[in-house]
Amino acid sequence: MKIASVIVDVAVMQTDRPFDYEIPPAWEDVIQPGMRVIVPFGPRHVQGFVLEIKEEQESRKLKPIVEPMDIVPVLNKELLSLADWLTAESLCFKISALQVMLPAAMKAKYSKQIRVTGFAPLSLSVQSLFNGRDEIAWEEAAEAGALSEIRKEVKKGSLDVLYSVKSKGRKKTVRMVKCRLSEKLLNETVQSMPKNALKQVEAMQFFLGRTGEWIPLKETGMSSAVAKALIDKELLEEKQEEMYRDPLAGRTFTPDTPLVLTDMQQAAIEPILEKVKEEKAETFLLHGVTGSGKTEIYLQSISEVLKKGQEAIVLVPEISLTPQMTDRFKQRFGNDVAVLHSGLSTGEKYDEWRKISRKEVKVVVGARSAVFAPFENIGLIIIDEEHETSYKQEENPRYHARDVAIWRAGFYGCPVILGSATPSLESFARAQKGVYTLLTLAERVNDRPLPAVDIVDMREELREGNRSMFSRNLFDKIKDRLEKGEQTVLFLNKRGYSSFIMCRDCGYVPECPNCDVSMTYHRHRHQLKCHYCGHEEPSPNVCPECTSEHIRHFGTGTQKVEEELLKLLPEARIIRMDVDTTGTKGAHERLLKKFAQKEADILLGTQMIAKGLDFPDITLVGVLSADTMLHLPDFRASEKTFQLLTQVSGRAGRHTLPGEVVIQTYTPEHYSIQLAADQHYESFYEQEMQMRKMGGYPPFYYLALITVSHEEAIMASSEANKIVMNIKPELSPAAVVLGPVASPISRINNRYRWQCLIKYKREPKLGAVLKQVLEHYAKQGKSNGLMVSVDIHPYVLM
DNA sequence: AGCACGCCGACT
DNA sequence: GTCGGCGTGCTC
């Protein structure tokens with residue numbers, strides 16, 4: 001008999017293995033590895049992925065597959081083995097690794113119906129619930145509080161529970177109609193149709209000269225009632241045609257042509273093209289200062305790949321997946337490009353995915369998850385802004401897109417380009433060691449100078465009596481640009497946009513009742529919100545501790561900056577970009593467009609404006625507080641600060657007008673600020689490498705983070721201790737185990753969190769040991785309420 | 001994760 | 001004596 005081994009859609013340790021199912025003879029030629037199927041699992045039906053198909057001589061009693069969910073496999077052999085690797089690397093469940101490769105629309109949606117069997121009579125109360133129908137939704141019975149009643153009926157055999165599985169996403173279709181008559185017959189019919197059927201005659205006349213042609217119903221102008229009548233009369237025929245939702249509808253792209261490369265660009269692209277030609281896997285680190293023309297190198301490398309009939313994947317950080325960026329790919333490669341980003345609806349993403357899967361496009365530009373694009377002949381993978389932390393997924397499977405890209409490139413034998421003006425220390429260190437090949441673009445295209453950078457010591461400002469958030473230096477320069485009609489970008493180096501409130505009299509700061517974090521103030525709704533558990537409450541007008549009315553809205557959010565700016569420069573036209581103003585679809589694009597068209601003088605924003613902005617009239621960039629990020633409990637704080645400041649500075653003076661940058665800080669002596677001002681990557685690298693070496697952090701050590709949580713602090717800490725005791729003897733003496741200590745965020749959702757950090761260089765057994773820990777707590781933990789999670793190569797240590 | 005089965009307290 | 005609480009164990 002033919003047997004399929006299937007991974008079921010139940011993400012827990014106990015079901016994290018293949019289950020065997022009989023393939024019914026009817027599906028024997030249909031079902032293949034990589035397909036989704038519906039299988040019975042216990043009393044219900046669930047979605048599953050076929051891993052392999054086996055032929056067995058002896059028949060055994062297995063449940064049969066209910067039905068396939070796909071006509072062709074959604075995951076090919078390569079992606080299936082990538083899932084194996086992901087599972088092992090990130091210690092996730094196999095099902096999570098499989099799901100992450102597919103668009104959300106292909107997740108299963110489960111529902112239950114209750115059906116009358118007719119085998120036995122129904123009780124009166126249940127009869128009235130069904131009210132003549134022979135099937136109702138489970139939820140309806142639940143709402144009516146009739147579940148126990150229903151259960152009894154099911155036992156009696158008078159009712160049945162149906163479990164259904166559906167794919168979430170729908171293919172979008174359009175109704176098409178065609179006239180079935182010949183031209184001659186149509187003419188006659190139009191004449192002979194009853195005169196009172198005016199609309200029908202009108203509709204049929206539309207088809208004169210287009211008989212036999214499929215036309216979207218919409219274009220014929222007839223109503224659906226008319227269409228129905230004509231179809232019933234067999235004058236028309238209809239069908240549903242599958243179509244793609246078009247996220248770029250109404251946008252046109254002026255095709256562009258390759259630019260002439262500078263000598264430096266030429267030198268950088270040659271080794272890449274060579275590997276493309278040889279079809280050899282090699283990872284290049286393309287280190288190019290801002291404005292040095294990395295994108296053109298990407299574009300021309302891709303061109304070469306397409307010429308060979310191969311495909312290319314381009315990863316871009318979500319935050320810079322702006323039209324400005326994607327348009328360049330669209331302009332160069334037109335309809336060969338699919339774009340995947342979070343701004344698309346589930347359906348739109350599904351459509352883009354299908355275009356890729358059917359090989360209707362050759363290039364994918366997208367955020368992290370686009371690294372799983374189901375191409376089968378990849379010739380190049382590019383990761384732009386390689387250092388961005390958003391390439392690491394912070395939920396299971398906790399993968400890094402860079403690692404996945406390199407794996408896939410190994411499979412297909414193709415190069416990977418990691419591009420950045422400020423490479424991550426990990427990547428640059430690998431380039432130094434020769435693991436990656438370093439390519440350098442040291443100068444801006446056309447020799448445009450890097451902008452001049454002023455560092456302003458805000459302590460000094462304060463000492464001299466300037467208590468505003470703008471230093472005199474920055475303020476004068478903003479005023480100057482206003483007068484000259486040039487543009488300014490003001491950057492608030494702050495995670496998010498949020499502020500908190502504090503009582504000025506007693507210093508009370510409202511904290512989330514469930515989590516150990518202060519709450520975020522949302523001005524538009526005058527609410528306090530917790531970003532970790534979602535708890536919300538009205539913002540108090542009186543201090544709950546001391547009843548003082550002096551409540552200060554603390555933390556300089558962009559809104560506050562905007563207000564103060566307007567006070568000082570009422571004539572300035574300001575565009576504010578933060579989570580509040582870019583929440584709606586397309587808002588991001590709209591605001592940037594406004595700025596590009598010079599409808600504003602100042603663009604004020606957070607992280608999201610640090611990248612990709614490339615407007616000729618930006619001649620001033622101001623960083624309001626460069627060091628807010630520096631004091632986070634994160635060994636990467638300096639690196640992040642350096643990267644951000646360098647990126648932001650790169651926004652100024654990219655065209656003919658020279659640029660200036662003002663960086664305001666309370667710690668002007670810090671090397672990450674000093675060296676970012678000098679745009680001196682190598683020096684920063686050297687300096688930071690020393691710090692990492694001393695601290696025993698990456699790239700000198702790898703990290704693994706174990707987090708233990710429990711409702712009782714004691715339990716979390718004692719179990720974390722036990723774990724450490726158990727792990728330590730399994731590791732080599734070279735490994736360092738830090739902690740356990742309480743997590744920086746010591747409580748989330750009423751669960752206390754303890755963590756321990758393992759630093760290691762080579763621990764072949766570590767994966768197995770950690771898996772054991774997870775398995776142990778999956779069994780035990782369920783009853784004692786303990787949760788344990790493991791993050792290999794973590795980016796968030798909180 | 002669901003869901004069934006099973007074993008103990010408060011109700012008609 | 002039954003209803004329903006949630007501990008335990010299983011799902012090809």
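So you know, we letter chains A, B, ... as the sequences are listed, proteins then strands, and number each from 1.
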**Fill in**
From NZ of A:K107 across to P of B:dA1 the rounded distance in Å is 14 Å
**Prompt:** The side chain of A:K63 lies closest to which of these nucleotides: C:dC12, B:dC3, C:dT11?
**Reply:** C:dC12
**Request:** State whether a side-chain donor-acceptor pair under 3.5 Å links A:N76 with A:E376.
**Result:** yes
**Message:** Output the rounded distance in Å from OH (A:Y110) to P (B:dC3).
**Reply:** 11 Å
**Request:** Side chain of A:Y163 only, please: which of B:dC3, C:dC3, C:dT11 is the nearest?
**Result:** B:dC3
**Prompt:** How are the rings of A:Y399 and A:F372 set relative to one another: parallel (under 30°), tilted (30 to 60°) or perpendicular (over 60°)?
**Reply:** perpendicular
**Message:** It should be established whether A:R44 places a side-chain nitrogen or oxygen under 4.0 Å from OP1 or OP2 of nucleotide B:dG2.
**Reply:** yes
**Message:** Between C1' on B:dA1 and CD1 on A:I7, what's the gap in Å once rounded to a whole number?
**Reply:** 15 Å
**Of the listed nucleotides C:dC12, C:dC3, B:dA1, the one nearest the side chain of A:F19** = C:dC12
**Prompt:** What orientation do A:F41 and A:F19 show, parallel under 30°, tilted 30 to 60°, or perpendicular over 60°?
**Reply:** perpendicular
**Item:** Distance in angstrom units between A:M787 CE and B:dA1 C1', rounded
**Value:** 14 Å
**Asked** In terms of side-chain heavy atoms of A:K152, which of C:dC3, C:dC12, B:dA4 is nearest?
**Response** C:dC3
**Request:** Compare side-chain N and O positions of A:K112 against OP1 and OP2 of B:dC3 and report whether any pair is under 4.0 Å apart.
**Result:** yes
**Message:** Whole angstroms only, please: what is the CZ-C1' distance between A:F93 and B:dA1?
**Reply:** 10 Å
**Prompt:** If you look at every heavy atom in A:C530 and A:V517, which pair is closest and at what distance?
**Reply:** SG-CG2, 3.9 Å
**Request:** Answer with base, sugar-phosphate or nothing: what part of the nucleic acid does A:F41 contact at a heavy-atom distance below 4.0 Å?
**Result:** base
**Request:** Remember a base hit wins even if backbone is also touched, and classify A:P40 as base, sugar-phosphate or nothing at under 4.0 Å, heavy atoms.
**Result:** sugar-phosphate
**Item:** Between P of B:dC3 and CD of A:Q14, the distance in whole Å
**Value:** 16 Å
**Request:** Work out which heavy atom in A:A405 is nearest to a heavy atom in A:V416; give both atom names and the distance.
**Result:** O-CG2, 3.9 Å
**Message:** Does A:R151 reach a base, just sugar-phosphate, or nothing at all? Heavy atoms under 4.0 Å.
**Reply:** nothing
**Message:** Could you tell me how far apart A:L147 (CG) and B:dG2 (C1') are, to the nearest whole angstrom?
**Reply:** 14 Å
**Asked** Taking CE from A:M13 and C1' from C:dT11, how many angstroms apart are they, rounded to a whole number?
**Response** 17 Å
**Asked** Can you tell which of B:dC3, C:dT11, C:dG4 lies closest to the side chain of A:S148?
**Response** C:dG4
